[in-house]
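Before any comments, here is the structure.
Lettering of chains follows the sequences in order, A, B, ..., and the numbering in each one begins at 1.
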Amino acid sequence: MFQSFRQAMAWLHTWFGLVLGFVLMAAFFFGALSVFDREIDRWAIPETRIAPQPMPSYEKLLRPAFERMQPTPLAIDAMRPRVDGPMPAHFDTVDSWSAYTTHRDPVLALYAGYQVPHAKDAEERIWAYATIDPRDGRLLPDEQLKIGSGFFFPLHYGLTLDWKNLGIWIVGFSALMMLAALVSGVIMHRKLFREFFTFRPGKAPLRSVLDLHNLTGVVALPFHFFFALTGLLIFASTYYFPLGETQLHGLHERHEQAEARETGLPHARADVSAGLANVDAMVAEAQRRWHEHGKAGEVGFLVLQHVGDANGYVSVYRAGTDRIALVGDGIHFKASTGAVIHEDPPATPVARVSEFLTGLHLQHFRHWLLRWLYVLGGLTGAACIATGFIFFVEKRKKQHAKTGNQGSRVVDALAVTTVTGMLIATLTLLIVNRLLPERLPAAWASRGDLEVYLFWAGWALAMAHAFVRSAPVAQERANPAWYEQCRTVSAMALAAVLLNWITTGDHLIKTVFTHPYWPVAGVDLFLLASAALATVAAHRLKARLGADQLAQSTEAGHA
Amino acid sequence: MLEGGAAALLLFAAIVANGVGMAWVALSMDVHWQQVQGTAPSRGAVRRLRVLGALGLACGLAACLRVDHASMAVLVWIMALSAAALVVTCTLTWRPGWLKALAWLAGCEARP
Amino acid sequence: MPRTFTIDTSGSPRLHIAARVGAAVLGGYGFAWGINAVTMALLSAAGLEFHDAEFLGNLLGVLAFLVVFLWTFAARRLWRVWAVLTSGGALLAGTGSWVQSWLV
């Protein structure tokens, strides 16, 4: 089948790249957007446009908020089949209360887990969620879609295909193929170093597209490799290789028991009620201990386990803003007395490597330059895959035109769908987010669901358009959809910025100069830059389209 | 670890050092020297540009390390290298003449 | 000197490609699972903490998957790929379970 090793690698690179490139494109692009997921959330939910807040006082603010929480009727209905007998009117036995924030979050996420009386599985828990304003404890509407952290982020690792985690498996396999494509690409590339800085836009399209493909692949090679690899590692033990839950369950169990003995943190309630010492004092003590070790002292995660029970304990985890490694440095207190039970020991060398690798992907650190460089890396990856598609088409267009093969036409239309179509879908989401009324009729889907449906509808429309306009590709000419969709993208990006101004009153003069608020200003500026870039691209494509037509008519004249 | 203005200034310096270093590395390659100067580079110029290029990149790393925890500094540096390579490529493509100034700065001029 | 690859092309090329892709995806996964299991078990036996062993197992498993995936396409004889990946994967996984039974 293959004459040489290099040819085998080329076959693998071409065909796996083509089939899974569409998935990788979405992973890279929505991953790049997820770098600023919290900021996109602020743009999409105007009531939360406030400055990031530290973890508030438990005594003053968190306790009343936790005490008000109860599972939603929807969650109670979902639990019903797993319980023998009636559901209680009120869930009283709190298994855990926890609060989570990051240095970029102005809102605080609260989680409450309750024991379920008469549950078939004794370990069964029912959960309640809330989002509060950490300044006054006011409950914020939680039904609005957090477009960044609640949609783009899961889309980039699971395509929102939740059935049997299918999306996570598809993206995982695609990440493995990204690694394979990088290795095979380096093997195929004969002049990796000699052409490191080379881009020749003046040459024939085939050459210049390949230049761009190589350039975007090679200069950000470490980024591409490590993001695909760490993405796989983050999910490996839970989804891809769940050995601890299956084949090596025994070893896992042995470890859990040893850990419980070592840390002295009780796994279950003692069923003896007990009071709660001052939690704010525990937080202060944790911060004092972190400070002693020269670590930044913000609290990221606060957990109260077995609330109201003698076995209750409070865990305080650090928000790791000052280094890459994702570490909690958790300190655990006995709830009834406030005495320290256990302090997480320093990480082992292997754990340090693991925390570094997962941390570099999950980005809990505070470093705005690095965040923007990550966006650049992600977009470079997307550009690399997109130019790969275009190269595939350019290489075969002529041959296919002669033989009447529709292959390059289909691939070109799919490329339009994944490049400009993906932008159109994203912008559709932002625009409908600003256009839909706050309260929708009760019979309709929820506002967030409707936004997501329209996102997919926008993408489907772009795809239909790309296919409808694709006929010229089969005659070795360019698909006008490229140009038309670039125009659409620039108009939609402008519209999104304008709609943000009209519906919230936040325009760039305000968000940059008079009342600086960078999360919203950043999204607006990014949209304007995209609009400008799309306009330039549209202009270039139009010129090429014109030249194409001219060549066709002279050819026809000669004939 | 530095904070605020000093950190921003040093990070900016790191980006500049990486960019200049990367440009010198590019100029040490025959084809790109040719693009900029129109002639072939001398053996001495190539060696000089390689050494200076490496020094520039090393200065970039040093500046990154001065600002952040080492694990973070290395990432900032590697990502800034990618950005520098992209910028140098774009300059070579559309405005190769601009790099004459950097060749002059390195003390390497085109042979008549 | 580039080696010349003479790959048995008995049968249709389509079937051959399907067999190769199948070997790469399924055989590769099984083999990676085996590497993962044996690494985790052996490192646990060597006294490493469970999650440390798990991380190193995952890392080696993913990298092994990548290597055997590429090898499947480069290899001369496909039957040998199938044989190595399936029997190797089973042997490695079996060793993992055997070591676990000694530890627990």
**Report entry** Contacting moiety of C:Ala24, where chain A heavy atoms sit under 4.5 Å
**Finding:** neither
Requested in this report: Measure C:Ala53 against the heavy atoms of chain A and call it side chain, backbone, both or neither at under 4.5 Å.
Outcome: neither
Query raised in the report: Among A:Leu357, A:Leu251, A:Leu233, which residue forms the greatest number of heavy-atom pairs with chain C at distances under 4.5 Å?
Result: A:Leu251
Report summary line: Scored by heavy-atom pairs under 4.5 Å with chain C, the best of A:Met9, A:Arg254, A:His252, A:Glu253 is A:His252
Report task. Check the pair A:Leu12 / C:Phe69 against side chain to side chain contact (heavy atoms under 4.5 Å, CB included), numbers first and verdict last. Result -> CA-CA 10 Å; A:Leu12 173 87; C:Phe69 200 94; 3.5 Å; yes
Query raised in the report: Under 4.5 Å, heavy atom to heavy atom, which residues of residues 168-177 of chain A contact chain C?
Result: A:Trp169, A:Phe173, A:Leu176, A:Met177
Is it the backbone or the side chain of [X] that comes under 4.5 Å from a heavy atom of chain C, or both, or neither?
{"X": "A:Leu232", "result": "side chain"}
{"X": "A:His13", "result": "neither"}
{"X": "A:Ile187", "result": "neither"}
{"X": "A:Leu248", "result": "both"}

Query raised in the report: So, C:Phe73 versus A:Phe5, ring centres under 6.0 angstrom or not?
Result: no
Taking [X] for the side chain and [Y] for the main chain, is one N or O donor matched with an acceptor at less than 3.5 Å?
{"X": "C:Tyr29", "Y": "A:Tyr240", "answer": "yes"}
{"X": "C:Gln100", "Y": "A:Gly250", "answer": "yes"}
{"X": "A:Gln247", "Y": "C:Ala37", "answer": "no"}

Query raised in the report: Checking side chain to side chain contact (heavy atoms under 4.5 Å, CB included) for the pair A:Val183/C:Val67: CA distance, chi angles, key distance, verdict?
Result: CA-CA 10 Å; A:Val183 175; C:Val67 170; over 6 Å; no
Query raised in the report: Who passes side-chain hydrogen bond (donor to acceptor under 3.5 Å, both in side chains) against A:Thr230, sequence neighbours left out?
Result: A:His361
Report summary line: Between A:Ala8 and C:Ala74, the two heavy atoms sitting closest are CB-CA, 4.1 Å
Query raised in the report: Listed by chain and number, what are the salt bridge (Lys or Arg N to Asp or Glu O under 4.0 Å) partners of C:Asp52, not counting sequence neighbours?
Result: none
Query raised in the report: Who are the salt bridge (Lys or Arg N to Asp or Glu O under 4.0 Å) partners of A:Glu259, not counting sequence neighbours?
Result: none
**Report entry** Side chain to side chain, C:Phe55 and A:Val353, heavy atoms closer than 4.5 Å
**Finding:** yes
Query - Heavy-atom side-chain contact between C:Ile17 and A:Trp11 under 4.5 Å - result: yes
Report summary line: The reported gap from CZ in C:Arg20 to CZ in A:Phe2 (rounded to nearest 0.5 angstrom) is 6.0 Å
Query raised in the report: Highest number of heavy-atom pairs under 4.5 Å with chain A: which of C:Leu63, C:Val25, C:Leu56, C:Asn58?
Result: C:Asn58
Query - A:Lys395 atom NZ: more than 12 heavy-atom contacts under 6.0 Å - result: no
Query raised in the report: Please walk me through it: do A:Phe241 and C:Val62 pass side chain to side chain contact (heavy atoms under 4.5 Å, CB included)?
Result: CA-CA 9 Å; A:Phe241 299 109; C:Val62 168; 4.1 Å; yes
Report task. Please lay out, stage by stage, how A:Thr348 and C:Glu49 fare under the test side chain to side chain donor-acceptor pair (under 3.5 Å). Result -> CA-CA 9 Å; A:Thr348 61; C:Glu49 200 256 353; 5.7 Å; no
**Report entry** Worked verdict on A:Thr246 versus C:Trp33 for side chain to side chain contact (heavy atoms under 4.5 Å, CB included)
**Finding:** CA-CA 12 Å; A:Thr246 55; C:Trp33 180 283; 3.5 Å; yes
